[in-house]
Amino acid sequence: MPGSKRNVRPGSGAGRAVARGSEALDARLPLSEVLRTGMRKVFPDHWSFLLGELALYSFVVLLLTGVYLTFFFDPSMRETPYTGSYRPLQGVLMSQAYLSTLRISFDVRGGLLIRQVHHWAALVFVASIGAHMLRVFLTGAFRRPREVNWLLGVTLFMLALLEGFAGYSLPDDLLSGTGLRIAQGITLSVPVVGTYLSFFAFGGQYPGDDIVPRLYPVHILLVPGLLLGLITVHILLVVVLKHTHWPGPGRSGRNVVGLPFLPQYMAKSAGLFFTVFGLLAALGAVAQINPIWTYGPYRADVVSTGAQPDWYVGFLEGALRLMPGVETRLWGHTIMWNPLVTAVLLPGLLFALLYAYPFFERWITGATGERHLCDRPRDRPARTGLGVAALSCYAVLLLAGAQDILAFVFDVPVHALTWTLRVAFFAVPAAAFWLTRRLCLALQSRERRLLTEGEASGLVSQSVEGGFEPLHRALTATERYAVLARERPEPLRPADPADPAGAAAGGALRRRLAGARSAISAWYYQDRVPYPATPEQRRKIAATTAGPDVRESAEDG
């Protein structure tokens, strides 16, 4: 009958055709196996693991809002008098890039909201990547087998900085133009090829007519495509290699304890996405950001007062302001050390150290097995101290990037403030490292007292002689486990110079490297507070913290 439904029976011809088609598709694309294992993927239930998802969802918001903005933005540098609805700029000559940004802000329905959501999402994206990398660094989640994923994360961070700078420069307003002028000066400081690089990027003498049209495809196609591809690989590696997780009862280096992806974790993750989207939309609606109409179009002979970049490149601005203007003339060429050291060599050194750190720590530790349990930051004082020192160094440079504003607000001489920040650039990270390391050891000492004496109960007892003693509550088995279940690498022992095998294995250079390795390892791991543990507890801790192919001792007693 018309409108009646026909059921496909398994034994019918249509049913057999569907079965054969699904079998053929599954043989070529084994989706059923992927879906079956992927839907039951276990994710640890801890807030710190949501930092990576925060970066992912802010990137999704960036893609959605960025696609909308591309419909209305024109990257042309052709100058046109402004005739839009913003009266203070009526009749002013400006590029099409700046004019179209004004049109988005004042004449496109919802344009200003989308533009501000896009900018806020960019800030959150970079900040969440940085926070996620810091969590991975402090907890040791970069160790084998996740070294490649750490390298991908560092690359993503670098691409996010490039993407943010490119997008920030597109409107061609006075503030972003000042940033491009600084970038051109940095490019010129590169020895030998700097002039050629500048001419290539700007299409001739500064300011040229090509920089914004060239940044536009970089911003909307090249870098987003790289980010999307690397994020996909990054997530796939997380699924394949499984998550790290915090030590606890039932948790070891051979399992993952948490929530399955479907339905629990998926529901939680979807809630986080909508929360991120809602908060970014609220920020875009009520918190003004980058009001380009107050700066005006870019002119090469004008600089905006109090010009400040976005926070993630503020450390470069601060480094440029702190280093003295030193130059050297060699064979008819001038080397400008200020832009070269602060804006080329310093960021290059930063990313080189980030790329190399997992292999450096494995070298000084001598560990070759897999690690799936997170370290508590207090249990690795040297690593935690290095992380805090790097953050304090960044904070000093960020303050230096606003030295003129700070001098004006607090009514202090700029020269004195500059020298204070120069001293702080070296003194503050050293002090932060020492203080953080001592604080980690103090926290370990406190835990040792809790293990031996118990936790203060708040009660006191009076003896028959009239004396008073505080009463302590012994830690529960779960609390003791959380404290004791930690890996404690031993410093590498120096090679015996009288060992004939070691002497035959290499020459003086290799012996020096071995001595340097043991010295660095001793400096890295010698400060520790021994915890009371029986031999049986040590064996259990070693079995818990070790990965699938590791059986080494993890507690020094």
Side-chain angles (χ1 to χ4, degrees), residues 58-125 163-181 183 202-203 207-224 277 280-310:
S58 57
F59 179 69
V60 172
V61 175
L62 277 172
L63 290 180
L64 295 175
T65 54
V67 168
Y68 181 84
L69 294 175
T70 57
F71 295 149
F72 307 100
F73 182 75
D74 181 3
S76 172
M77 298 294 288
R78 180 173 54 87
E79 289 193 332
T80 306
Y82 180 69
T83 58
S85 57
Y86 186 65
R87 292 183 177 272
L89 292 177
Q90 288 284 344
V92 176
L93 281 177
M94 59 185 63
S95 65
Q96 285 293 319
Y98 185 70
L99 189 148
S100 61
T101 309
L102 287 177
R103 185 183 302 118
I104 291 172
S105 302
F106 293 107
D107 301 317
V108 174
R109 185 179 297 275
L112 180 60
L113 173 65
I114 299 299
R115 208 183 124 246
Q116 296 198 147
V117 170
H118 188 74
H119 202 126
W120 278 114
L123 298 184
V124 173
F125 179 56
E163 177 75 347
F165 176 77
Y168 179 80
S169 304
L170 287 181
D172 196 35
D173 60 291
L174 185 57
L175 188 61
S176 65
T178 302
L180 280 175
R181 184 67 179 92
F202 289 86
D209 295 326
D210 296 337
I211 183 63
V212 172
R214 288 176 176 175
L215 282 176
Y216 187 59
V218 170
H219 181 69
I220 69 169
L221 290 176
L222 179 60
V223 179
F277 204 129
L280 290 174
L283 283 173
V286 302
Q288 179 175 273
I289 188 170
N290 196 24
I292 60 158
W293 53 89
T294 63
Y295 310 133
Y298 178 67
R299 286 178 48 185
D301 59 335
V302 178
V303 176
S304 177
T305 302
Q308 301 293 321
D310 280 340

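If you're wondering where the values come from, they're calculated on a predicted model, not measured in any experiment.
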### Task
Considering non-hydrogen atoms only, spot the tightest contact between Gln308 and Leu175 and give its length.
N-CD1, 3.9 Å
### Task
Look up atom CG in Leu63 and atom OG in Ser58, then write down how far apart they are to the nearest 0.5 Å.
10.0 Å
### Query
Shortest non-hydrogen contact from Pro75 to Val212?
O-CG1, 3.5 Å
#### Entry: Interatomic distance, Met94 atom CE to Thr101 atom OG1 [nearest 0.5 angstrom]
10.0 Å
### Task
Compare all side-chain heavy atoms of Ile104 with those of Leu112 and state whether any distance is below 4.5 angstrom.
no
### Message
Give me each pair satisfying salt bridge (charged side-chain N to carboxylate O under 4.0 Å, His left out) with a member in residues 167-177, each pair once, sequence neighbours excluded.
### Response
none
### Query
Is any side-chain heavy atom of Leu180 less than 4.5 Å from a side-chain heavy atom of Phe165?
yes
### Task
Would you please classify the geometry between the His119 ring and the Tyr168 ring as parallel, tilted or perpendicular, with 30° and 60° separating the classes?
perpendicular
### Query
Under the ring pair (Phe, Tyr, Trp, His ring centres under 6.0 Å) test, which residues partner Tyr82, sequence neighbours left out?
none
### Message
Taking the side chain as everything from C-beta on, heavy atoms only, tell me whether Leu102 gets closer than 4.5 Å to Ile292.
### Response
yes
### Message
Would Ile220 and Leu69 count as a side-chain contact (heavy atoms from CB on, under 4.5 Å) here? Give the steps.
### Response
CA-CA 10 Å; Ile220 69 169; Leu69 294 175; over 6 Å; no
### Task
Over all heavy atoms of both residues, which pair between Leu170 and Phe73 is shortest? Give the atoms and the distance, please.
O-CZ, 3.5 Å
### Message
Strictly distance-based, threshold 3.5 Å: is any side-chain N or O of Ser95 a donor or acceptor partner for the main-chain N or O of Met77?
### Response
no
### Query
side chain to side chain donor-acceptor pair (under 3.5 Å): which pairs involve residues 63-72, sequence neighbours left out?
Thr65-His118
### Query
So which heavy atom on Leu113 is nearest to which on Ala285, and how close?
CD1-N, 3.6 Å
### Message
Looking at every non-hydrogen atom in both residues, tell me the closest pair between Trp120 and Ala287 and how far apart they are.
### Response
NE1-O, 3.1 Å
### Query
Hey, what do you get for CZ (Arg181) to OG (Ser176), rounding to the nearest 0.5 Å?
14.5 Å
### Message
Could you tell me if Gln96 and Thr80 have a donor-acceptor pair between their side chains, going purely by distance under 3.5 Å?
### Response
yes
### Task
Hey, could you give me each pair passing side chain to side chain donor-acceptor pair (under 3.5 Å) that has a residue in residues 285-298? Not counting sequence neighbours.
Tyr206-Tyr298
### Task
Only counting residues at least two apart or in another chain, list the ones meeting side-chain hydrogen bond (donor to acceptor under 3.5 Å, both in side chains) with Glu163.
His219
### Query
Side chain of Gln116, backbone of Gly284: donor and acceptor closer than 3.5 Å?
yes
### Task
Go through the steps for Asp210 and Phe202 under the test side-chain contact (heavy atoms from CB on, under 4.5 Å), then give the verdict.
CA-CA 5 Å; Asp210 296 337; Phe202 289 86; over 6 Å; no
### Exercise: identify the closest heavy-atom pair between Leu174 and Thr178
O-OG1, 2.8 Å
### Query
Can you find a pair of side-chain heavy atoms, one from Val92 and one from Pro81, that are under 4.5 Å apart?
no
### With Asp107 via salt bridge (charged side-chain N to carboxylate O under 4.0 Å, His left out) - residues at least two apart
none
